[in-house]
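Contents: one structure, followed by commentary.
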Amino acid sequence: MRRARAHLDEILLDHAHCEKKAAGAAIKLLFSYPHHRFLQEPVADLAREELDHFQQVLGLLDRRGIHYRTLKPAPYGSVLHEGIRRDEPERLVDVLLISALIEARSCERFQILTEGLAETDPELAALYGSLLASEARHHRLYLDLAARLVDRGRLAARLDELSRVEAEIIAKPCDRVRLHAG
Ligand SMILES: [Fe+2]
Ligand SMILES: [Fe+2]
């Protein structure tokens, strides 16, 4: 938290990109899986929410005079996606579970920021507090969608494997201050 507090501008900028990426990943699902009718509406709703989050963070950047620009991301997302299996439905299961894990990690980080900034930066603490609830809902949704594709035992086993990979990535020290970094 001390590192984040010292680099809040960078955290906010990274956060804007994360929300945009979350929307992009959801829209990509709509393009890749039109034959899975069950995921269209919930994922379209989720994409809309992520874009709304993106705009909220953009507004905050503007109010604070932070120039919106490209930023080298943490290796987190790309490393996590390297382990996706190739065949279907395993591929989609992995994509959904990884999205669920990213949402959960966002929740953890937002919780830390909400508490850590409550005194010093109430505006930001309030933003993170409000985003926390919807990212928790997204986490649940991605798990529920994955549960439509495989039985409970296989799902739990795969979630366990991917969780371990995710925890290893986040535990590695990162030279950049990012939302999803150690
Ligand atoms: Fe979001
Ligand atoms: Fe989300």
Side-chain angles (χ1 to χ4, degrees), residues 4 7-33 36 38-64 66 68-71 73-81 84 92-117 121 123-149 155 159 162-163 165-167 169-170 176-181:
H7 298 88
L8 264 188
D9 288 11
E10 216 172 324
I11 289 282
L12 275 172
L13 192 53
D14 182 49
H15 182 184
H17 288 291
C18 286
E19 297 291 2
K20 184 182 61 179
K21 273 185 266 181
I27 291 168
K28 197 170 160 207
L29 276 176
L30 300 180
F31 278 96
S32 302
Y33 297 98
H36 286 313
F38 67 93
L39 60 73
Q40 307 304 311
E41 273 88 359
V43 171
D45 281 343
L46 182 148
R48 200 176 292 124
E49 282 186 24
E50 301 294 20
L51 281 178
D52 179 58
H53 297 169
F54 171 59
Q55 287 174 287
Q56 285 185 51
V57 183
L58 277 185
L60 201 89
L61 290 176
D62 286 351
R63 288 199 294 286
R64 296 185 173 211
I66 304 165
Y68 178 61
R69 60 187 184 278
T70 53
L71 187 73
Y76 178 80
S78 55
V79 177
L80 204 44
H81 284 91
I84 292 175
L92 177 56
V93 168
D94 285 1
V95 170
L96 293 169
L97 291 181
I98 286 172
S99 293
L101 289 170
I102 296 173
E103 296 284 355
R105 188 61 69 181
S106 301
C107 283
E108 181 218 45
R109 298 295 153 112
F110 290 171
Q111 183 72 47
I112 294 169
L113 288 162
T114 304
E115 286 163 15
L117 297 169
D121 196 334
E123 186 196 23
L124 205 49
L127 172 75
Y128 283 121
S130 75
L131 295 181
L132 192 61
S134 51
E135 309 304 5
R137 208 164 9 86
H138 296 166
H139 165 73
R140 193 66 254 164
L141 172 69
Y142 278 126
L143 288 183
D144 289 346
L145 293 175
R148 302 276 297 257
L149 297 160
L155 190 73
L159 181 60
L162 290 172
S163 300
V165 172
E166 196 267 353
I169 301 170
I170 208 85
R176 287 159 242 157
V177 182
R178 298 291 183 270
L179 214 47
H180 298 91

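Residue numbers start at 1 and run along the sequence shown. Just so you know, ligand 1 is whichever comes first in the structure, and atom 1 is the first atom listed for that ligand. Reckoned from all heavy atoms, side chains included, excluding hydrogens, waters and symmetry mates.
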Discussion item. To the nearest 0.5 Å, what is the distance between CG on Leu155 and CG on Leu149?
Written reply: 8.5 Å
Item to complete: Begin from the C-alpha positions of Leu179 and Phe110 and carry the test side-chain contact (heavy atoms from CB on, under 4.5 Å) through to its verdict.
Response: CA-CA 9 Å; Leu179 214 47; Phe110 290 171; 3.8 Å; yes
Worksheet entry | All salt bridge (Lys or Arg N to Asp or Glu O under 4.0 Å) counterparts of Arg69, not counting sequence neighbours | none
Practice prompt. Identify, with sequence neighbours excluded, every residue that meets ring-ring contact (aromatic ring centres under 6.0 Å, His included) alongside Tyr142.
Written response: none
Fill in: Near the Fe ion (ligand 1) (under 2.8 Å) - protein N, O or S atoms
Glu19 OE1, Glu50 OE1, His53 ND1, Glu135 OE2
Worksheet item: Hey, is Arg64 close enough to Glu123 for a salt bridge, meaning N to O under 4.0 Å?
Response: yes
Worksheet entry | Results of salt bridge (Lys or Arg N to Asp or Glu O under 4.0 Å) for Asp9 - residues two or more places apart only | none
